[in-house]
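Since the structure comes first, as structure tokens, the remarks are kept for the end.
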Amino acid sequence: MSLELPAVAAYSPLLANLNPEQRAAVTLPEGHALILAGAGSGKTRVLTTRIAWLLQTGQVSPGGILAVTFTNKAAKEMLTRLSAMLPINVRGMWIGTFHGLCNRFLRAHWKLAGLPATFQILDTQDQLSAIKRLMKQHNVDDERFPAKETQWFIAGAKEDGLRPRDVEIRRDDDRKRVELYQLYEEQCQREGVVDFGELMLRSYELLRDNDAVREHYQRRFRHLLVDEFQDTNRLQYAWLKMLAGNTVDGRFVPGGNSVLAVGDDDQSIYAFRGARVGNMADFVREFHVDHQIKLEQNYRSFSNILDSANHLIDHNTQRLGKNLRTDQGPGEPVRVYESPTDFAEAQWVVEEMRQLVRENGIERKEIAVLYRSNAQSRVLETALFNAGVPYRVYGGLRFFERAEIKHALAYLRLLENKEDDTSFLRVVNFPPRGIGARTIEQLQDAARSAGTSLHAAVGAVSGKAGANLAAFVARLDVLREQTQGISLREIIELVLQHSGLVEHYRAEREGADRVENLEELVNAAESFVTQEGFGRDAVALPVDELRQSAASQGIDTSQPLIDEALVAPDAETGETLSPLAAFLTHAALESGDNQAQPGQDAVQLMTVHAAKGLEFDCVFITGLEDGIFPHENSMSDRESLEEERRLMYVAITRARQRLYLTHSQTRLLHGKTRYNLRSRFFEELPESALKWLTPARAGFGAGSSSYERSSWGGQRAGGAGGWNYDRDSLAGAPVPPQKAAPAHGLRSGMQVFHNKFGEGTVLALEGTGDDARAQVKFGRHGVKWLALAVAKLTPI
DNA sequence: CACATGCCCCTTTTT
DNA sequence: GGGGCATGTG
């Protein structure tokens with residue numbers, strides 16, 4: 001790889017302030033390339049500068065760029081940065097999420113994809129309720145086949161690019177699951193809806209099976225750029241391969257397309273939803289990648305923090321290999337704090353952060369508290385609330401996922417698509433209008449035997465209930481009439497009024513927030529139409545202009561143009577998507593912010609997953625206990641433990657200046673007190689970077705503690721540390737508050753023998769005395785909870 | 001048919 | 001501990 005730059009490069013302000021590796025990445029020649037970009041190494045900057053560079057040097061026109069990200073946020077950021085760099089119209093570029101781009105593609109080619117023009121998108125909730133409905137209809141035992149599991153199965157199959165007929169049947173139950181998958185597909189097709197996986201899979205199949213379409217897009221996109229490549233699943237990889245095309249035996253051909261993949265195998269934390277780090281290695285092999293560049297210079301953290309991250313991740317075996325370095329000094333040590341209870345832990349964290357704000361002048365929004373799972377936020381929130389510290393919790397319900405919003409959207413969807421049974425069922429009796437379960441059952445039976453949608457079957461139900469149904473449908477029909485030719489804003493206002501939703505929530509005691517949210521929906525629609533991009537996506541460019549540019553690309557213009565640039569869903573008529581349909585799509589693809597209160601200087605609370613891509617001056621990683629982090633379900637096999645370690649790596653690398661690691665001896669979880677050992681990850685951090693604020697207990701084979709009791713007697717802020725256990729108990733298992741060490745002497749991670757189940761690994765311990773239980777994973781018999789008073793477990 | 005009570009489950013998350 | 005869901009009662 002040469003670092004020599006084209007002559008113009010040296011003068012381009014775009015390249016100023018880039019380090020040699022970043023510059024090499026930005027100015028890469030044509031060909032496939034993989035950028036291994038460590039945390040805080042300026043990855044987004046490289047990606048956007050690369051696009052700007054390609055455009056500025058005239059190597060490609062905006063229409064030849066396709067850049068794909070995982071989140072809307074990342075896509076938006078890329079667009080914003082790009083328009084700040086170059087005075088160009090970003091309109092011609094395809095920049096967005098995988099699903100967003102697939103949606104755009106399917107809107108342009110709905111007919112070829114076998115979809116109705118008004119197809120709507122099911123989110124995860126909708127998908128689950130569609131599956132439940134299906135299972136009920138086919139009398140599937142939901143004990144044996146939980147709907148969630150079926151959903152998981154279907155989504156997983158699609159992520160691997162598998163249709164029902166392609167799924168390999170490994171277990172007896174799979175036969176039924178595949179059957180359900182098949183039925184589910186038929187149901188979605190009948191109702192004109194697609195789930196997230198379907199957006200990807202349909203697009204992929206259309207590209208695969210339609211030569212004209214594939215060749216068209218292959219000719220168009222000369223540069224494909226992929227962010228967070230380590231998070232791509234099998235299907236996304238295959239999709240990319242289809243688009244890349246222009247290769248012989250997978251090798252890049254000069255004049256063909258170039259794929260630039262940017263990723264970090266150490267930050268791959270989404271295997272549980274189908275992400276495949278292996279795509280990185282496959283990419284290098286199958287695309288015969290010409291250029292690999294590592295970005296290892298970290299601009300974010302002091303070296304104590306970075307050393308900790310490097311040291312930890314070094315314990316993973318499956319790595320491409322990469323070590324972050326920084327020019328910044330060691331900075332502050334990584335502080336470790338142990339508390340007796342989760343409550344005390346939270347109090348200590350709050351007290352410590354108040355000091356940070358008061359004495360160190362740190363802004364509250366520069367402080368993040370991270371945890372492994374959402375359930376842990378509660379105790380932290382309580383402590384923050386009691387202390388009067390402003391905070392903001394990420395995660396939880398987003399705007400478009402709120403029940404009242406989903407209700408309103410269901411009415412709107414029914415205006416667009418009468419066949420949408422999921423939406424029909426959601427609102428047929430909401431607000432209540434005398435249509436009960438019996439009636440709905442009757443209606444479903446009628447619809448099934450006639451092979452129609454619920455909407456079409458309404459006439460088949462007689463009596464009072466039938467009249468109610470007819471009135472409901474009539475009301476929808478009237479609304480549909482009334483909403484012709486009026487603005488999106490007016491449509492929504494009308495629907496809110498005439499559906500009775502606002503009225504219903506006004507009458508409810510706790511309904512004020514919901515009414516407010518419904519009003520907010522009007523605003524959301526308004527800003528969607530004006531700024532957000534309905535205009536961008538749906539306004540057709542002049543057809544003459546298009547034909548000209550198409551002709552110059554050597555595309556046959558005697559046929560109707562197949563190109564989203566027309567953006568009209570129907571390429572023949574030039575008809576565009578209605579603002580309402582576009583808005584509904586937007587609502588499904590972008591679930592919206594949670595409780596946006598920007599501007600306020602508040603402490604940030606979130607899961608480690610949610611923190612990926614963010615950075616803060618000060619970071620607290622809490623609940624660092626075996627069974628919590630690493631999570632108990634991920635402790636038993638190496639692969640998932642390695643993912644937990646990567647998760648910890650992500651958490652550590654969020655911090656710029658100060659990092660705190662806290663753990664608690666006891667924790668209230670699911671209403672029960674659990675005694676957890678300090679996380680095994682502590683043993684994987686460099687001692688030299690750590691400062692133990694509380695005595696380092698002996699864990700996992702470490703030597704005895706060197707702590708002197710007088711050195712800490714609870715003098716830390718908040719006085720929360722005052723649990724005076726004695727020195728002897730420090731070397732043993734976790735100490736219950738009654739100071740009675742558990743008699744069983746088991747610790748998680750221990751190998752044990754059971755007379756019936758054989759050898760196993762202790763995953764978790766719970767309770768004391770006669771109530772003590774252990775969760776053990778056995779080879780043949782799986783994971784079991786055992787009462788220690790009964791089960792005879794012998795340590796091996 | 002609407003509302004209340006009991007029961008079961010319980011990673012991580014984006015689209 | 002708490003939310004979602006199924007079942008029971010007015």
Side-chain angles (χ1 to χ4, degrees), chain A residues 68-75 96-103 121-129 132 136 142-143 146-149 152 155 158-159 194-201 203 228 231-233 235-236 268-275 342 370-379 382 394-398 400-401 403 429-441 464-465 468 508 585-592 594 606-613 623 627-635 640 643-644 646-648 650-651 667-673 764:
Chain A
V68 55
T69 62
F70 269 84
T71 63
N72 291 301
K73 204 171 130 200
T97 62
F98 275 103
H99 295 87
L101 296 183
C102 285
N103 173 58
I121 300 165
L122 294 186
D123 67 15
T124 316
Q125 281 176 46
D126 299 333
Q127 188 189 30
L128 186 64
S129 67
K132 281 183 181 161
K136 209 170 226 171
D142 59 355
E143 294 268 292
K148 269 252 173 72
E149 227 167 68
W152 182 258
K158 290 190 182 186
E159 278 156 5
V194 298
D195 60 38
F196 290 128
E198 190 68 24
L199 282 173
M200 280 300 322
L201 188 49
S203 306
E228 307 278 16
D231 287 337
T232 50
N233 61 37
L235 178 57
Q236 286 159 338
S268 155
I269 55 175
Y270 286 108
F272 70 90
R273 64 171 202 223
D342 52 344
L370 309 184
Y371 34 82
R372 175 65 178 83
S373 64
N374 280 311
Q376 290 164 249
S377 79
R378 180 155 226 93
V379 62
T382 310
Y394 284 75
L397 221 47
R398 332 275 277 295
F400 286 116
E401 291 167 359
N429 196 36
F430 195 93
R433 46 174 74 89
I435 301 169
R438 271 310 293 267
T439 312
I440 289 169
E441 229 164 81
K464 189 153 175 266
N468 286 341
E508 228 176 40
T585 298
H586 165 81
L589 285 178
E590 211 171 321
S591 31
N594 314 334
M606 65 192 87
T607 63
V608 182
H609 282 93
K612 187 170 168 206
I628 303 289
F629 196 177
H631 195 276
E632 60 183 346
N633 297 358
S634 307
M635 285 180 6
S640 48
E643 176 144 324
E644 294 287 310
R646 291 193 291 270
L647 200 50
M648 180 67 183
V650 167
R667 182 170 299 275
L668 206 57
L669 199 69
H670 306 320
K672 283 196 177 113
T673 302

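Note that the structure is a prediction, hence the values are computed from the model and not measured. Proteins get letters first, then strands, A, B, ... in listed order; numbering begins at 1 in each.
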Subject >> With His631(A) via ring-ring contact (aromatic ring centres under 6.0 Å, His included) - residues at least two apart >> reply: none

**OP:** State which residues pass ring-ring contact (aromatic ring centres under 6.0 Å, His included) with Phe98(A); sequence neighbours excluded, sorted by chain then number.
**Re:** Phe70(A), Trp239(A)

Contacts of [X] that satisfy side chain to side chain donor-acceptor pair (under 3.5 Å) - sequence neighbours left out:
X	result
Thr607(A)	none
Thr124(A)	none
Asn374(A)	none
Glu644(A)	Arg372(A), Ser634(A)

**OP:** Under the salt bridge (charged side-chain N to carboxylate O under 4.0 Å, His left out) rule, collect the residues that match up with Lys612(A), sequence neighbours excluded.
**Re:** Glu228(A), Asp231(A)

**OP:** Can you sort out the partners of Glu159(A) under salt bridge (charged side-chain N to carboxylate O under 4.0 Å, His left out), two or more places apart, ordered by chain and number?
**Re:** none

Can you tabulate the close N/O pairs, meaning under 3.5 Å, that link protein atoms to atoms of nucleotides 2-7 of chain B?
from: dA2(B); atom 1: OP2; to: Asn429(A); atom 2: ND2; distance (Å): 3.3

Original post:
Got a sec, which residues hit side-chain contact (heavy atoms from CB on, under 4.5 Å) with Ala588(A), two or more places apart in sequence or on another chain?
Top reply: Ile121(A)

**OP:** Tell me, please, the opening and closing nucleotides of DNA chain C, 5' to 3', among those with an atom under 4.0 angstrom from a non-hydrogen atom of chain A.
**Re:** dG1(C) to dC5(C)

Subject >> Touch class at under 4.0 angstrom, heavy-atom based, for Lys148(A) against every strand present >> reply: nothing

Subject >> Sugar-phosphate or base contact per nucleotide [nucleotides 8-15 of chain B; S, B, -; heavy atom under 4.0 Å] >> reply: --BBBBBB

Original post:
Is the number of heavy atoms from other residues, nucleotides or ligands within 6.0 Å of CZ (Arg378(A)) greater than 12?
Top reply: no

Original post:
Taking syn as any angle within 90 degrees of 0 and anti as the rest, which one fits dT12(B)?
Top reply: anti

